[in-house]
Amino acid sequence: MTNTEFQSRLLNWYDQNKRSMPWRDCGDPYKIWLSEIMLQQTRVDQATPYFERFVDHYPSVNALAEADQQDVLKVWEGLGYYSRARNLHAAAQLVVDDFDGRVPDSWDDITKLKGVGPYTASAVLSIAFQKKYAVVDGNVIRVLSRYHGIDEDVRSTKTKNGIQEHADELISEERPGDFNQALMELGATICTPSNPDCGSCPLQDGCVAYKTARTEELPYKSKKKKRPHHQIGVGIVRNQKDQVLIALRPDDAMLGGLWEFPGGKQESGETFPDTVKRELHEELDITVSIIKPFMKLDHAYSHFKITLHAYLCELEEGKPEPRTSQEIRWIAIDELTEYPFPKANRRLTEKLMNLNKGQQELEI
DNA sequence: AAAACGGGGAG
DNA sequence: CTCCCAGTTTT
């Protein structure tokens, strides 16, 4: 199949079958940029409601640039990879300061923005500005590795570079943005990881994997390491004013800019109450007594898993003084909703708020 | 080149 | 349970 045939079959299929998305065909570089950041390692269905809410809060680059980071993170809460939100916020301020409030339309300028790597630069430049840059994401890797019968490990840089060259070679001159979106749309809806719908594929004729019945084994990926599992003890410390103690995670840490109940990893030979007391003493220079177990929950991150053991605590001695220059705050239970929390901690705040509403159990 | 970085859904 | 997702940054 010639490149021209590849393009026309793919684009015709796309014109007939593309899904509706709130940022699609809007022509607004800000919304297209925002959507591409949200879609990094995130499915369309998961990102869409966040996109709508984010645009309601911040309809323009200027609105985003003027916002407080805490408010931006609150809108982003639950979507994960929070450095995306922090970087996007900082990048919006750079766009206002250095680019007159307009999303850059050149490779050299747009890649100056935090959080904009080769994929996002290509996506925004092609979709918003009709420039001929080919995207390579997980979908394109899958479609082209099958189409060309590439059986090298697609996790390796060399293989990805080869796929980038194929994409550069194939991309449409006239409709580069639609071509990119079409290839990704095909990967998301037809050329899926398992059980691809080859009968509906416009590229079936030229597909090596289809012709050799290897769609199930391509793309080849080396195995990922299994994730360690940690036991975490955390303290929900209450004072006489019925407030609880929360701590802000530093910007350069995992979950940076979000709040949490203080705690840490269990050490060998420790009971969980021991862990909570030790961590709160080390991190905040306070002595607490354990009142009772509050909640136990499991949570999985991208590279490790935790079981979180939360205990209701009472401040015994000392005034909390964070040692690692992180901010701490005493807040009422019904204020918990105003702060951005990571998912595992949000499960704790939800139970706290429910119990508080019912006036039960929470009394010490 | 490899690891860090969230959360949700599918199989 | 594992794998994957419209990847980027840091080490």
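Keep in mind that what you see is a predicted model, and the values were worked out from it rather than measured. Letters go in sequence order (proteins before strands), and every chain restarts at 1.
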Quick one: on DNA chain C, does E36(A) or K305(A) contact a more 5' nucleotide (nearest heavy atom)?
K305(A)
Output yes when a side-chain donor or acceptor of D71(A) lies under 3.5 Å from a complementary backbone atom of A67(A), and no otherwise.
no
Which is true for K225(A) with a 4.0 Å heavy-atom rule: it touches a base, it touches only sugar-phosphate, or it touches nothing?
sugar-phosphate
On DNA chain C, does the nearest nucleotide to Q46(A) precede the nearest nucleotide to G115(A) from the 5' side, or the other way round? Give the residue.
Q46(A)
Considering every strand and a 4.0 Å limit on heavy-atom distances, what is the contact class for R86(A): base, sugar-phosphate, or nothing?
nothing
Checking all strands, does V116(A) fall into the base, sugar-phosphate, or nothing category for heavy-atom contacts under 4.0 angstrom?
sugar-phosphate
Has Y301(A) got more than 12 heavy atoms of other residues, nucleotides or ligands less than 6.0 Å from its OH?
yes
Kindly say whether M254(A) contributes a backbone atom to a donor-acceptor pair with the side chain of R249(A) at under 3.5 angstrom?
yes
At under 4.0 Å between heavy atoms, what does R24(A) touch on the DNA or RNA strands: base, sugar-phosphate, or nothing?
base
Looking across every strand, which nucleic acid part, if any, lies under 4.0 Å from S302(A) by heavy atom: base, sugar-phosphate, or nothing?
base
I'd like to check I190(A) versus E185(A) (side-chain heavy atoms, cut-off strictly below 4.5 Å). Are they in contact?
no
Atom P, compared across dT11(C) and dG6(B): separation rounded to whole Å
14 Å
Are Y147(A) and F6(A) near enough that their ring centres are under 6.0 Å apart?
yes
Under 4.0 angstrom, heavy atoms only, what part of the nucleic acid is M184(A) near: base, sugar-phosphate, or nothing?
base
If the C1' atom of dA6(C) is compared with that of dA3(B), how far apart are they to the nearest Å?
22 Å
Examine the side chains of R346(A) and T349(A) and answer whether a donor and an acceptor come within less than 3.5 Å of each other.
yes
By the 4.0 Å heavy-atom rule, please label L79(A) as base, sugar-phosphate, or nothing.
base
Do other residues, nucleotides or ligands put more than 12 heavy atoms under 6.0 Å from the NE2 atom of H57(A)?
no
Once you apply a heavy-atom cut-off of 4.0 Å, does S35(A) come out as touching a base, just sugar-phosphate, or nothing?
nothing
Contact boundaries on DNA chain B for chain A, cut-off under 4.0 Å to non-hydrogen atoms:
dA1(B) to dG11(B)
Whether the side chain of D28(A) engages the backbone of Y30(A) through a donor-acceptor N/O pair (distance < 3.5 Å, no angle test) should be reported.
yes
Contact class for G187(A) (heavy atom, under 4.0 Å): base, sugar-phosphate, or nothing?
nothing
Within the 4.0 Å heavy-atom criterion, would you say K158(A) contacts the bases, only the backbone, or no part of the nucleic acid?
nothing
Contact class for T42(A) (heavy atom, under 4.0 Å): base, sugar-phosphate, or nothing?
base
For S194(A) and S83(A), take the nucleotide of DNA chain B holding the closest heavy atom to each; which residue's nucleotide lies nearer the 5' end?
S83(A)
Base, sugar-phosphate or nothing for K160(A)? Non-hydrogen atoms, less than 4.0 Å.
nothing
Does any part of the side chain of Q70(A), heavy atoms only, come nearer than 4.5 Å to the side chain of W259(A), both counted from C-beta?
yes
Pi-cation contact, F294(A) with K351(A) (under 6.0 Å, within 45°)
yes
In the 5' to 3' direction, the nucleotides of DNA chain C bounding the stretch that comes under 4.0 Å of a heavy atom in chain A are dC1(C) to dT9(C)
Reading DNA chain B from 5' onward, which residue's closest nucleotide shows up sooner: A300(A) or N195(A)?
A300(A)
Once you apply a heavy-atom cut-off of 4.0 Å, does Y81(A) come out as touching a base, just sugar-phosphate, or nothing?
base
